[in-house]
Amino acid sequence: MTVSVSTGTNGSGTGAAHAPAHTPRTGSTLPALGDWTTFDGLRALQEERVGPMLRGAANSPFYAARLDGARTLSDVGLTSKADLRASYPFGMLGVPKERLATYHESSGSTGNPTPAYFTEAEWTDLADRFVRKTVGIGPADTLLVRIPYGLVLAGHMAHWAAMRSGATVVPGDCRSLAVPYPRVVRVLRDLEVTLTWSTPSESLLWVAAARAAGHGVDPFPALRALYVAGEPLSGARRRRIEEILKAPVIEEYGCTEVGPLASDCVHGRMHFWADRVLPEVYDPQSGDITAEGTGQLVITPLYREAMPLLRYNLEDLVELRYGDCPCGWKLPTVRVLGRLGQGYTVDAKRLGQVQVEELVYRLPAAYGVLFWRARAEVDRLVVQIEVPGAGGGGRAAALLAEMVSGELGVRCEVGVVPEGTLVPRGLLAQRLDAMKPRRLFGPEEDWDNAVVRG
């Protein structure tokens with residue numbers, strides 16, 4: 001089988017059709033991508049790992065009280081996010097606490113945060129899955145990590161995986177006062193950053209900050225690819241980012257509790273890492289759990305030891321399919337359709353963010369629209385877009401209103417606001433390095449000014 005994944009290499013372009021499959025570091029017992037050549041082989045690997053996972057899960061307080069002699073995965077009920085929160089902090093622990101290497105929590109973007117912890121051995125698996133990218137990472141690369149660190153897994157995971165691949169890492173935590181956007185722009189340019197790890201929204205903020213600093217077309221010429229995750233991404237926004245930054249966008253899908261779950265192939269399909277995490281689909285109306293289809297994604301990590309999870313319901317709505325792909329990967333494809341409770345009803349029609357975003361970024365690039373916001377009202381959608389200059393605002397608004405009405409079937413009112421309205425100029429131009437308390441002042445100084453900025 002030809003596996004079109006580039007890992008540990010520094011070739012340019014959007015794909016590497018002849019690059020080798022990633023092989024875990026020496027001594028790893030994990031299967032390399034491409035260790036099987038058929039879907040039957042993949043399923044055999046999954047079935048082989050379910051038994052050890054059931055036995056390992058029985059070591060945790062949560063599952064010890066719940067499994068009640070379950071011998072197969074079909075005997076196990078769903079594990080929910082509420083279960084993880086109720087078991088905080090170590091009710092899911094499946095190994096002696098002394099074996100833990102790191103502790104993390106989710107961002108809590110859709111509710112209270114959930115805990116997650118990993119052994120040192122599990123970090124090999126995290127790194128292996130992270131570097132499964134169609135544009136790989138190697139010693140010649142410099143990776144800017146512009147994802148939260150703190151308790152969140154994603155920043156640390158990319159940092160470790162990149163160093164393990166020989167790359168230079170720039171730890172540009174997006175929640176740090178020490179790394180404002182002017183510094184991000186400077187680092188991207190001066191260090192000739194080749195790869196970035198961020199949300200899709202971050203990349204557009206870099207573009208705006210670069211423009212504010214006077215850098216015009218192609219502000220970051222060294223970029224080879226942008227790794228993105230953490231929020232829904234429409235096809236139109238992906239294409240707009242690629243058009244502006246002249247580099248491919250590689251999307252990843254994952255969660256704090258398990259790490260990377262899927263990523264794009266060279267043909268633009270997202271493949272699920274089903275050799276490391278067993279995916280299933282749950283229909284909440286019928287209660288059925290199936291190997292593929294459309295419904296809520298349920299996962300069972302096959303090599304999780306610190307925090308075993310059996311049929312963990314991520315509550316993400318997905319379409320999961322097993323079928324051949326031109327890329328050659330014998331892995332199912334997954335389309336992430338959203339999360340439960342997301343979206344709003346306008347004039348009896350359900351609208352989600354990605355539907356609106358798709359139309360916003362279909363506007364011609366010449367209009368320069370980077371940022372937008374919308375409000376779903378009972379009988380109409382109200383949208384605001386930032387349009388630079390004074391020329392095309394009215395035309396952009398009229399075109400967007402027409403597209404929303406025609407394609408989404410709802411009445412739409414689009415307003416144009418000046419640059420700096422939706423994303424304040426101060427955010428893009430503030431050169432604040434840090435805020436430090438000051439305690440000693442001279443006789444003529446204002447001691448109410450007790451914070452040093454910069």
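Just so you know, residue 1 is the first one in the sequence shown, and it goes up from there. Both backbone and side-chain heavy atoms feed into the values below; hydrogens, waters and symmetry mates do not.
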Do Q296 and L78 come close enough that some side-chain heavy atom pair is under 4.5 Å? no
Applying side chain to side chain contact (heavy atoms under 4.5 Å, CB included) to Q46 and not counting sequence neighbours gives L42, R43, A274, L278, P279, L302, Y322
Under a 3.5 Å distance rule, please check whether S60 uses its side chain to pair with a backbone N or O of A57 as donor and acceptor. yes
Using atom types as modelled and distance alone, determine if a side-chain donor or acceptor of R304 lies under 3.5 Å from a backbone N or O of E257. yes
Apply salt bridge (charged side-chain N to carboxylate O under 4.0 Å, His left out) to R411 and D379, showing your working.
-> CA-CA 7 Å; R411 190 162 64 92; D379 60 349; 3.4 Å; yes
ask   = What class does the angle between the rings of W329 and H271 fall in, given that below 30° is parallel, 30 to 60° is tilted and above 60° is perpendicular?
value = perpendicular
message: Strictly distance-based, threshold 3.5 Å: is any side-chain N or O of E252 a donor or acceptor partner for the main-chain N or O of S263?
response: no
- prompt: E122 side chain to E305 main-chain N or O, any donor-acceptor pair under 3.5 Å?
  reply: yes
Query raised in the report: Can a cation-pi geometry be assigned to R186 and Y181, taking NZ or CZ under 6.0 Å from the six-membered ring centre and within 45° of the ring axis?
Result: no
TODO: Please determine if R129 and D275 form a salt bridge, counting it only when a charged side-chain N lies under 4.0 Å from a carboxylate O.
DONE: no
Please lay out, stage by stage, how M403 and L363 fare under the test side chain to side chain contact (heavy atoms under 4.5 Å, CB included). CA-CA 9 Å; M403 288 193 294; L363 290 170; 3.8 Å; yes
For the side chain of D141 and the backbone of L143, is there at least one donor-acceptor N/O pair under 3.5 Å apart? no
- Query: Does atom OH of Y149 have more than 12 heavy-atom neighbours, drawn from other residues, nucleotides or ligands, at distances under 6.0 Å?
  - Reply: yes
Strictly under 6.0 Å, is that where the ring centroids of F272 and Y253 end up?
no
Regarding T72 and S74, is there a side-chain donor-to-acceptor distance under 3.5 Å anywhere? yes
| task | Would you verify whether the NZ or CZ of R146 falls within 45 degrees of the ring axis of W197 while also being under 6.0 Å from that six-membered ring's centre? | result | no
Within 45° of the axis and under 6.0 Å from the centre of the six-membered ring of Y303, does NZ or CZ of R49 qualify?
yes
Between L297 and N313, is there a side-chain heavy-atom distance shorter than 4.5 Å?
no
So salt bridge (charged side-chain N to carboxylate O under 4.0 Å, His left out) across residues 66-80, not counting sequence neighbours, yields R66-D83
Correct closest heavy-atom pair for D173 and G150 would be OD2-N, 4.4 Å
Rounding to 0.5 Å, atoms CG (L226) and CD (E202) come to a distance of 11.0 Å
